Every structure is written in structure tokens, then in C-alpha cells.
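Below: one structure, written as C-alpha cells.
Just so we're clear, the structure is a prediction, and the values are computed from it rather than from any experiment. The figures here come from the full heavy-atom set of this structure, side chains too, leaving out hydrogens, waters and symmetry mates.
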Amino acid sequence: AIKPVEKVYKSIAIGNQEWMQENLNVTTFRNGDKIPQAKTNDEWKLAAKEKKPAWCYYKVGYSQIKVYGDPEKSGKYGKMYNYWAMADKRGIAPNGWHIPTIVEWGTFFNNYQDKKQLTISLKNEFRVMFGGNRGADGGFYRMGDWAGYWSSSNDGTYPYCVTFYSDAGLLGWEQYK
């Protein structure tokens with residue numbers, strides 16, 4: 001069998017941690033098993049209902065393509081993954097990488113003394129891509145002003161997610177579950 005060439009991700013050291021500078025863009029788990037693509041709302045909703053992994057591209061309308069480009073063709077925003085893809089024991093992160101815990105996200109934020117310093121880093125170093133999100137209902141939301149990153153931590157029921165948002169030109173972040 002021919003082993004596919006693994007993508008090399010650009011990274012940056014922030015404090016004593018190394019972070020990817022681009023969004024995850026894989027179609028297989030670490031062991032080579034395919035992650036199913038949800039091409040329709042029904043497929044996305046069914047994957048969530050059955051607690052099965054799935055990925056998709058953000059679907060944009062014609063007017064949005066003029067602003068953001070076509071996510072499927074550009075690869076700029078990577079892919080969107082449901083919780084079940086991220087939490088799968090086969091591992092979604094490429095070799096040498098892992099999905100950060102909520103504690104690791106806390107360490108990331110603690111590297112910055114204030115919101116202004118964090119904002120500069122998010123734009124110029126960490127390079128947050130505001131690729132929006134997709135709800136369990138299959139809807140696409142907030143392309144261009146919202147970015148969500150999974151954490152491998154959960155409270156036993158719900159996963160933790162870290163979000164970055166850019167409203168009215170102001171960059172902010174919050175942790176929630």
C-alpha cells in the first residue's frame with residue numbers, strides 16, 4: 001500500500017508550547033482510516049445523532065465567495081470537524097500533534113499580559129482563521145468573524161471549546177462548554 005504524504009503544518013512557539021499556525025485539514029485519522037465527509041445537512045445531523053465522526057467544508061453562497069473565497073477550493077480555512085471526529089480514539093491530529101486540553105489552552109492565554117498583546121499575537125503569530133462554525137442542526141454560522149477550537153477536555157458530558165471572535169474589528173476570546 002502507498003502511504004499518503006503527510007502535510008507539514010507551520011507552527012509557532014508560544015511560551016513553552018508549540019501551536020499550529022493553520023487550521024487542521026485532514027480527511028483521515030492518524031491510523032489511516034477515513035473520516036466520513038458530511039456533504040448534506042442530513043448527513044451532518046445524522047452523524048451528530050449517532051455520535052459518529054464527520055467533517056465538512058463551510059458552505060458559502062455566491063456573494064460570500066467574493067468575500068472569503070471558496071473554502072473547498074482554497075483550503076484557507078481547513079475543514080470543520082464534529083466533536084465525534086475530534087474525540088475519536090484513532091486520533092485526528094497528525095503525528096507529533098494532539099488536540100489541546102483546556103489546561104493547555106489556559107497556559108496559552110496566560111502567556112499574554114493583556115488583551116491587546118493577545119490580539120496582536122492572534123492576528124500575526126497564531127493566525128486565527130475565522131472560518132465560522134456548523135451547528136448540530138446542520139446550519140453554518142459566522143464565517144469571517146468566529147473561530148472555534150476543540151479541546152480534548154470535557155466535563156463528562158460536554159466538550160470544552162475555545163472561541164475567538166472579531167466583532168466590529170475587535171478581537172476577543174472566550175472559553176465555554
Side-chain angles (χ1 to χ4, degrees), residues 1-14 17-59 70-109 122 126-143 146-164 173-177:
I2 297 173
K3 184 178 179 179
V5 176
E6 275 195 36
K7 175 177 173 40
V8 176
Y9 287 89
K10 294 175 187 170
S11 66
I12 185 168
I14 298 175
Q17 299 172 312
E18 185 175 4
W19 293 86
M20 284 184 185
Q21 285 185 295
E22 50 192 307
N23 288 347
L24 191 60
N25 198 7
V26 299
T27 57
T28 60
F29 290 107
R30 193 177 292 153
N31 70 356
D33 291 350
K34 288 190 180 240
I35 304 168
Q37 181 182 7
K39 294 181 180 178
T40 67
N41 282 350
D42 288 341
E43 289 174 348
W44 186 262
K45 290 190 286 189
L46 183 62
K49 181 180 176 184
E50 294 180 353
K51 299 180 180 180
K52 292 187 176 179
W55 69 268
C56 70
Y57 290 108
Y58 192 103
K59 296 295 181 203
D70 186 341
E72 192 167 347
K73 292 180 180 159
S74 72
K76 177 179 178 180
Y77 297 101
K79 294 174 178 60
M80 302 180 117
Y81 303 93
N82 68 7
Y83 169 73
W84 308 107
M86 184 281 307
D88 195 286
K89 296 204 184 303
R90 292 172 283 185
I92 193 171
N95 286 324
W97 294 96
H98 68 274
I99 304 299
T101 66
I102 202 66
V103 171
E104 289 170 319
W105 276 112
T107 300
F108 171 88
F109 291 116
L122 292 177
F126 188 65
R127 298 186 184 158
V128 170
M129 298 302 289
F130 295 100
N133 71 311
R134 188 170 195 184
D137 64 355
F140 292 94
Y141 306 98
R142 300 194 69 177
M143 170 65 106
W146 191 92
Y149 293 89
W150 288 115
S151 163
S152 59
S153 305
N154 65 62
D155 68 1
T157 304
Y158 298 102
Y160 290 100
C161 181
V162 174
T163 63
F164 299 96
W173 65 273
E174 62 186 355
Q175 295 173 243
Y176 75 96
K177 60 179 177 172

Check for a donor-acceptor pair, side chain of Trp55 on one end and backbone N or O of Asn25 on the other, with a separation under 3.5 Å. no
Counting only N and O atoms by type, is there a donor-acceptor contact under 3.5 Å from the side chain of Ser153 to the main-chain atoms of Tyr160? no
Taking the side chain as every heavy atom from C-beta outward, state whether [X] and [Y] have any atom pair closer than 4.5 Å.
| X | Y | value |
| --- | --- | --- |
| Arg30 | Asn95 | yes |
| Tyr149 | Trp105 | yes |
| Pro94 | Met20 | yes |
| Lys89 | Phe29 | no |
| Arg134 | Asn41 | yes |
| Val162 | Ile102 | yes |
| Phe108 | Pro100 | no |
| Ser151 | Val103 | no |

Mind checking side-chain hydrogen bond (donor to acceptor under 3.5 Å, both in side chains) for [X] and listing every partner two or more places apart, or none if nothing turns up?
| X | value |
| --- | --- |
| Tyr141 | Asp137 |
| Gln17 | Trp19 |
| Tyr83 | none |
| Glu43 | none |

Grab the two heavy atoms, one from [X] and one from [Y], that are nearest each other, plus how far apart they are.
| X | Y | result |
| --- | --- | --- |
| Met86 | Ile99 | SD-CG2, 3.6 Å |
| Glu22 | Lys10 | OE2-N, 2.8 Å |
| Ala85 | Pro53 | CA-CB, 3.4 Å |
| Lys79 | Val26 | CD-O, 3.4 Å |
| Trp146 | Gly148 | CZ3-N, 3.2 Å |

Nearest 0.5 Å, please: how far is [atom2] in [Y] from [atom1] in [X]?
| X | Y | atom1 | atom2 | result |
| --- | --- | --- | --- | --- |
| Leu46 | Thr40 | CG | OG1 | 9.0 Å |
| Glu18 | Trp97 | CD | CH2 | 4.0 Å |
| Ile92 | Leu24 | CD1 | CG | 5.5 Å |
| Gln37 | Cys56 | CD | SG | 8.0 Å |

Any pair with a residue in residues 90-101 that passes salt bridge (Lys or Arg N to Asp or Glu O under 4.0 Å), sequence neighbours left out, goes on the list, sorted by first then second residue, please.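 Qualifying pairs, neighbours excluded: Asp33-Arg90, Asp88-Arg90.
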Just jot down the salt bridge (charged side-chain N to carboxylate O under 4.0 Å, His left out) partners of Lys52, sequence neighbours excluded, or say none.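 With sequence neighbours excluded, Lys52 shows a salt bridge (charged side-chain N to carboxylate O under 4.0 Å, His left out) to Glu50, given in chain and number order.
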